[in-house]
Amino acid sequence: GQNIDQPTEMTATEGAIVQINCTYQTSGFNGLFWYQQHAGEAPTFLSYNVLDGLEEKGRFSSFLSRSKGYSYLLLKELQMKDSASYLCAVREDDYKLSFGAGTTVTVRA
Amino acid sequence: DAGITQSPRYKITETGRQVTLMCHQTWSHSYMFWYRQDLGHGLRLIYYSAAADITDKGEVPDGYVVSRSKTENFPLTLESATRSQTSVYFCASSEEGRGTEAFFGQGTRLTVV
């Protein structure tokens with residue numbers, strides 16, 4: 001089986017930075033994904049890491065350390081519309097894609 | 001319309017009935033997935049498929065059946081619905097290759113009474 005852990009909730013102020021951590025233990029590894037999900041909607045893709053290091057995409061960055069089984073999603077210059085759940089997902093060798101329970105981020109004015 | 005669509009969007013059924021949730025994608029993606037989402041559990045994988053006629057169990061397959069006779073369709077059947085299967089169900093698809101993200105349908109909200 002596999003284990004993907006992330007914090008349940010985080011709160012931050014508009015304009016601030018928030019870092020959402022994800023740790024995983026899987027039998028194989030073929031990439032780590034971050035998704036955003038607004039309440040009542042489907043998840044949408046944010047970022048992908050398969051090699052160690054930082055991937056930057058505008059206000060969002062994602063980091064991966066394969067040796068530590070660790071990733072984080074960094075949200076900069078927070079906006080009210082960033083209030084959502086953020087899901088960490090790991091793809092195993094056979095393309096099975098499994099998700100953590102998600103982190104609900106609340107942005108306050 | 002291009003994309004991935006689920007039907008119905010909402011369904012209420014009675015305990016013990018059989019119900020099928022439909023999923024259709026127009027991209028000819030190889031991989032398709034079914035998840036259920038419940039408060040506190042996030043997205044849990046029910047079944048996934050690597051190609052037509054190839055399916056594998058995920059984390060929570062009991063009480064569900066899938067088939068994939070055509071690449072574009074991946075129906076999920078609850079053989080005898082139970083109240084514990086009340087949930088939001090998401091279908092997703094992705095193509096082969098590293099870095100290819102999964103695209104999700106809009107979800108089906110199923111209530112078993």
Side-chain angles (χ1 to χ4, degrees), chain A residues 1-9 20 22-51 53 55 57 60 62 64 66 73 84-105, chain B residues 3-7 9-10 21 23-25 27 29-51 54-61 66 68 71 74 87-109:
Chain A
Q2 65 178 39
N3 208 18
I4 303 172
D5 291 315
Q6 48 184 130
T8 304
E9 294 180 339
I20 306 169
C22 172
T23 57
Y24 63 91
Q25 289 179 306
T26 58
S27 54
F29 182 82
N30 197 17
L32 187 140
F33 297 79
W34 284 96
Y35 282 79
Q36 181 190 59
Q37 185 179 25
H38 284 102
E41 298 182 8
T44 55
F45 170 75
L46 284 179
S47 70
Y48 167 76
N49 296 74
V50 69
L51 300 176
E55 294 284 339
K57 236 185 190 184
F60 295 172
S62 57
L64 175 67
R66 288 171 296 170
L73 179 69
S85 284
Y86 292 85
L87 313 175
C88 174
V90 174
R91 174 173 282 162
E92 296 186 56
D93 292 336
D94 66 347
Y95 281 82
K96 177 180 175 182
L97 183 64
S98 298
F99 285 78
T103 299
T104 300
V105 171
Chain B
I4 181 166
T5 54
Q6 294 182 232
S7 60
R9 292 292 311 278
Y10 303 90
L21 310 184
C23 179
H24 175 76
Q25 51 107 352
W27 295 303
H29 285 171
S30 297
Y31 295 93
M32 296 189 76
F33 309 85
W34 272 108
Y35 297 89
R36 59 177 290 173
Q37 188 170 39
D38 307 287
L39 276 173
H41 290 282
L43 285 164
R44 290 186 289 175
L45 183 63
I46 305 171
Y47 272 95
Y48 62 112
S49 169
I54 300 174
T55 61
D56 287 288
K57 293 180 180 179
E59 183 186 354
V60 289
V66 293
R68 193 153 176 221
T71 300
F74 191 38
S87 187
V88 179
Y89 291 85
F90 285 102
C91 178
S93 72
S94 71
E95 55 186 359
E96 284 190 78
R98 275 192 161 184
T100 54
E101 73 267 32
F103 296 88
F104 283 80
Q106 287 305 301
T108 295
R109 183 174 293 276

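A, B, ... follow the sequence lines: proteins, then strands. Residue 1 opens every chain.
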**OP:** Quick one: do A/Tyr48 and B/Glu101 satisfy side chain to side chain contact (heavy atoms under 4.5 Å, CB included)? Show the steps, please.
**Re:** CA-CA 8 Å; A/Tyr48 167 76; B/Glu101 73 267 32; over 6 Å; no
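- Looking at heavy atoms from C-beta onward, B/Ser94 lies out of side-chain contact with A/Leu97 at the 4.5 angstrom threshold.
- With contacts defined as side-chain heavy-atom distances shorter than 4.5 Å, the pair A/Gln37/B/Phe90 qualifies.
- A/Phe45 touches chain B through its side chain: at least one heavy atom from C-beta onward sits under 4.5 Å away, while N, CA, C and O do not.
- In this structure, the portions of B/Thr100 lying under 4.5 Å from any heavy atom of chain A include both its backbone and its side chain.
- For a residue to count as touching a neighbouring chain, one of its non-hydrogen atoms must lie under 4.5 Å from one of that chain's; by this rule B/Gln37 touches chain A with the side chain only.
- Across every non-hydrogen atom of A/Ala42 and B/Gly105, the tightest pair is CB-O, 3.1 Å.
- For the set A/Gly31, A/Gly102, A/Ala101, A/Pro43, the count of heavy-atom pairs under 4.5 angstrom toward chain B peaks at A/Pro43.
- With A/Tyr95 contributing its side chain and B/Tyr48 its backbone, the two residues share no donor-acceptor pair below 3.5 Å.
- Of the atoms belonging to B/Ala50, not a single heavy atom falls under 4.5 Å from chain A.
- Within 6.0 Å of NZ in A/Lys57 there are more than 12 heavy atoms belonging to other residues, nucleotides or ligands.
- For B/Leu45, the part lying under 4.5 angstrom from a heavy atom of chain A is the side chain only.
- The local environment of CZ in B/Arg109 is sparse, with at most 12 non-hydrogen atoms from other residues, nucleotides or ligands closer than 6.0 Å.
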